[in-house]
Amino acid sequence: MVAKTVPVDPFDLVVFGGTGDLAARKLLPGLFHRFQSGQLPEGAKIIGAARGEMDTKGFQAHTRKAIETFVAKADRPKADVDAFVAIVDYARVDAMSNAGWSDLAKLLKGREDRVRAFYLSVAPRFFGPICDQIGAAGLVTPLTRLVVEKPLGRDLESARALNKQLSDAFDESQLYRIDHYLGKETVQNLMALRFANALFEPLWNSHHIDHVQITAAESVPVGTRGGYYDQNGAMRDMVQNHLMQLLCLTAMEPPAKFDSDAVRDEKLKVLKALTPITGTDVDRDVVRGQYAEGPDGPSYLTEAGDPTSKTECFVAMKIGIDNWRWAGTPFYIRTGKRLRTRVSEIVIRFKDAPHSIFDAQVGGLKGNELVIRLQPDEGIQLRLNIKDPGPGGMRIASAPLDMSFAEDLGRDIRMPDAYERLLMDVVRGDQTLFMRGDEVEAAWAWIDPIMEACDHGAAAPQTYAAGSDGPSDSLMLMHRDGRRWREIGA
Ligand code: NDP
Ligand code: BG6
């Protein structure tokens with residue numbers, strides 16, 4: 001069983017980099033699932049575009065292989081795969097020359113009345129040339145949309161240059177900057193939780209919330225991506241985008257409407273209200289780490305291929321938000337590779353009850369915790385203090401009130417992958433879950449001084465044990481404030 005679907009308008013989707021890793025792992029399987037669910041309208045066309053010598057049949061075989069590799073066998077009956085590969089086509093184009101562009105134009109000819117989406121699943125250095133070629137080949141129609149993937153710059157200056165390149169060719173209303181975390185089911189549920197219920201909003205502020213924790217922990221190492229990763233590190237790879245977006249959605253004011261600009265305006269205000277962390281404050285509020293060699297694999301430095309690398313694969317930070325709602329309530333965030341387990345969650349830790357009416361032997365009253373779990377096991381949990389059941393008088397225990405989506409909505413429901421939802425939003429023309437150019441720049445403007453301090457004099461990354469909760473300084477970041485992280489995977 002999959003969630004209900006509403007068919008989208010007829011569209012053509014051109015995936016530049018259609019033979020690459022992202023297309024094989026996420027885009028083609030995602031489109032396949034949407035096709036299976038009946039969401040793709042009759043006549044929808046998916047065109048892979050790359051330099052590789054291949055014809056339509058070759059790309060259909062490539063697509064079949066991607067689906068067989070990345071979709072569970074039970075979810076891909078042969079008849080569905082056969083029908084899906086029949087709607088894919090291929091154009092051999094080179095972003096850096098005129099080769100192949102007229103072939104692509106032929107495939108799109110006569111289809112100007114439908115939505116036309118170009119997905120740039122290629123390295124950012126190709127964004128400018130591809131935009132120019134799309135324009136020169138006359139492929140831009142009134143319903144054209146352009147989708148771009150991270151990395152969206154590596155600092156404010158490069159992000160501005162990239163935004164300029166994109167806005168020279170397209171209007172902001174045509175641009176879809178992907179942050180796949182925004183496509184995750186629970187991220188949207190966070191908005192539903194906050195803005196579709198009156199219950200939490202009165203409590204959602206520094207009067208009632210002691211602090212917020214945001215964790216995106218991965219158990220995998222950087223592995224074969226060491227070369228790429230070492231140029232970026234966790235701050236650029238995860239914090240500047242995914243974690244900042246989660247923080248914004250948690251902290252933002254209620255938008256007047258659930259529409260793309262209203263939501264993005266509110267997120268932007270949060271980014272602009274972040275307390276700057278500069279100079280020596282970086283050593284106080286930012287902890288960086290690198291995993292050591294463990295029984296299951298080599299150290300970060302070995303995988304990065306540079307024994308002197310100062311690039312972090314773990315970051316923990318204490319962040320303040322300078323506005324009325326959040327003054328005095330810190331946000332602690334952390335992310336890293338090769339940690340104890342894979343878990344992404346937002347924890348809202350409410351303040352302790354102001355006074356306990358119970359005797360000391362009844363047990364301490366823990367502050368309530370709202371845990372919004374993005375993955376795995378998407379769901380929301382509220383920890384309450386209750387009476388420990390059974391005879392023996394009053395004893396207080398902390399117990400979870402659980403809402404697991406899989407349980408509530410039917411055990412066999414398949415949660416759509418973030419890319420599935422985002423691809424369909426592109427076709428629908430809904431930019432709500434995509435980053436606007438000014439948001440990307442505001443996030444870089446806040447990160448830049450931190451990176452600057454890390455590059456010039458701030459403490460080097462601390463080594464942590466593979467499979468642990470990260471460096472000991474990350475625990476200290478909380479302990480010194482009298483707080484503690486929720487255990488990774490608790
Ligand atoms: P790959 O290296 O696997 O694929 C690159 C694709 O670009 C290939 O299809 C390649 O085909 C094509 N390409 C390269 N040069 C040209 C050219 N001159 N003209 C036309 N096509 C070209 O990269 P990924 O798929 O991993 O990543 C693509 C983008 O998505 C990158 O920006 C990456 O940072 C981003 N991204 C990737 C993620 C992932 O999970 N892989 C996750 C998040 C973002 P050919 O060589 O035949 O032309
Ligand atoms: C990507 C990062 O954006 O997100 C990767 O580049 C990271 O380094 C990945 O592994 C994590 O995504 P998810 O959805 O598995 O949490």
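All of these numbers come straight from a predicted model, not from anything done at the bench. Numbering of ligands and ligand atoms starts at 1, following listing order.
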Colleague: Who's the nearest protein heavy-atom neighbour of atom 8 (O) of ligand 2, and how far?
Modeller: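 The closest one turns out to be D237 OD2, 2.6 Å.
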
Colleague: Atom 10 (O) of ligand 2: which protein heavy atom is closest, and how many Å away?
Modeller: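 Checking every protein heavy atom, the shortest distance to atom 10 (O) of ligand 2 gives E218 OE1, 2.6 Å.
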
Colleague: Could you go through D80 and R76, starting from their C-alpha distance and side-chain angles, then the distance that decides it, and tell me whether this counts as salt bridge (Lys or Arg N to Asp or Glu O under 4.0 Å)?
Modeller: CA-CA 6 Å; D80 291 2; R76 51 172 165 86; over 6 Å; no

Colleague: Would you check if there is a donor-acceptor pair between the side chains of E149 and Y119 at a distance under 3.5 Å?
Modeller: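 Distance-only check passes for Y119 and E149.
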
Colleague: Flag the pair I333 / I319 as yes when at least one side-chain heavy-atom distance between them is below 4.5 Å, and no otherwise.
Modeller: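 When only atoms from C-beta onward are counted, I319 and I333 do touch, with a gap below 4.5 Å.
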
Colleague: Find all protein N or O atoms under 3.5 angstrom from an N or O atom of ligand 1 and list the pairs with distances, or write 'none'.
Modeller:
residue, atom, partner, partner atom, Å
ligand 1, 3 (O), D21, N, 2.8
ligand 1, 9 (O), G17, O, 3.4
ligand 1, 9 (O), T19, N, 3.4
ligand 1, 9 (O), T19, OG1, 2.7
ligand 1, 9 (O), G20, N, 3.1
ligand 1, 11 (O), T19, OG1, 3.3
ligand 1, 15 (N), R51, NH2, 3.4
ligand 1, 18 (N), D94, OD1, 2.9
ligand 1, 19 (N), A95, N, 2.8
ligand 1, 25 (O), D21, N, 3.1
ligand 1, 25 (O), L22, N, 2.8
ligand 1, 32 (O), V122, O, 3.0
ligand 1, 34 (O), K150, O, 3.3
ligand 1, 40 (O), R25, NH2, 2.4
ligand 1, 41 (N), D21, OD2, 2.7
ligand 1, 46 (O), R51, NH2, 2.8
ligand 1, 47 (O), G52, N, 3.0
ligand 1, 48 (O), R51, N, 2.8
ligand 1, 48 (O), R51, NE, 2.8

Colleague: Considering the heavy atoms of Y181, write down every atom of ligand 2 situated less than 4.0 Å from one of them.
Modeller: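 Once the distances to Y181 are compared, the set is 12 (O), 13 (P), 14 (O), 16 (O).
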
Colleague: Under 4.0 Å from a heavy atom of H242: which atoms of ligand 2 are those, numbered in the order shown and with their elements?
Modeller: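 Checking each atom against H242, I get 1 (C), 3 (O), 4 (O).
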
Colleague: For ligand 2, find out whether one of its N or O atoms is nearer than 3.5 Å to an N or O atom of K337.
Modeller: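 Between K337 and ligand 2 (N or O atoms, distance only) the closest approach is under 3.5 Å.
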
Colleague: Would you say that W444 contacts S158 through its side chain, given a criterion of any heavy-atom pair below 4.5 Å between the two side chains?
Modeller: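 Sidechains of S158 and W444: no contact.
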
Colleague: Specify the protein heavy atom at minimum distance from atom 14 (O) of ligand 2: its residue, its atom name, and the distance to 0.1 Å.
Modeller: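 Atom 14 (O) of ligand 2 sits closest to the protein heavy atom K184 NZ, 2.6 Å.
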
Colleague: Examine Y228 against ligand 2 and note whether any of their N/O atoms are separated by less than 3.5 Å.
Modeller: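 Among all N and O atoms of Y228, none is under 3.5 Å from an N or O of ligand 2.
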
Colleague: Should D425 and R421 count as an ion pair when the cut-off is N to O under 4.0 Å?
Modeller: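 A salt bridge is absent here (no side-chain N lies under 4.0 Å from a carboxylate O).
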
Colleague: Are D82 and R64 ion-paired here, with the side-chain N under 4.0 Å from a carboxylate O?
Modeller: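 Salt bridge between D82 and R64, a charged N being under 4.0 Å from a carboxylate O: yes.
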
Colleague: May I ask you to decide whether K318 forms a salt bridge with D285, counting only side-chain N to carboxylate O separations under 4.0 Å?
Modeller: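 Looking at D285 together with K318, the answer is no, because their closest N to O distance does not fall below 4.0 Å.
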
Colleague: Look at the rings of H180 and H242 and say which category their plane angle falls in: under 30° parallel, 30 to 60° tilted, over 60° perpendicular.
Modeller: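 If you compare the ring of H180 with that of H242, the planes turn out perpendicular.
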
Colleague: Between R92 and D103 (salt bridge meaning N to carboxylate O under 4.0 Å), is one present in this structure?
Modeller: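 The answer is no: the pair does not qualify as a salt bridge.
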
Colleague: How far is atom 15 (O) of ligand 2 from the closest protein heavy atom, and which atom is that?
Modeller: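 Answer, as residue, atom name and distance: R342 NH2, 3.2 Å.
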
Colleague: Is any NZ, NE, NH1 or NH2 atom of the basic residue among R177 and E172 found under 4.0 Å from an Asp or Glu carboxylate oxygen of the other?
Modeller: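 Yes.
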
Colleague: Give me the nearest non-hydrogen protein atom to atom 12 (O) of ligand 2 as residue plus atom name, then the distance to 0.1 Å.
Modeller: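 Here the closest protein heavy atom is H180 NE2, 3.1 Å.
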
Colleague: So for ligand 2, is K150 a polar contact partner (N or O within less than 3.5 Å, distance only)?
Modeller: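 By distance alone, the answer is yes.
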
Colleague: Within the 4.5 Å heavy-atom criterion, are L143 and R116 side-chain neighbours or not?
Modeller: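 L143 does not reach R116 side chain to side chain.
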
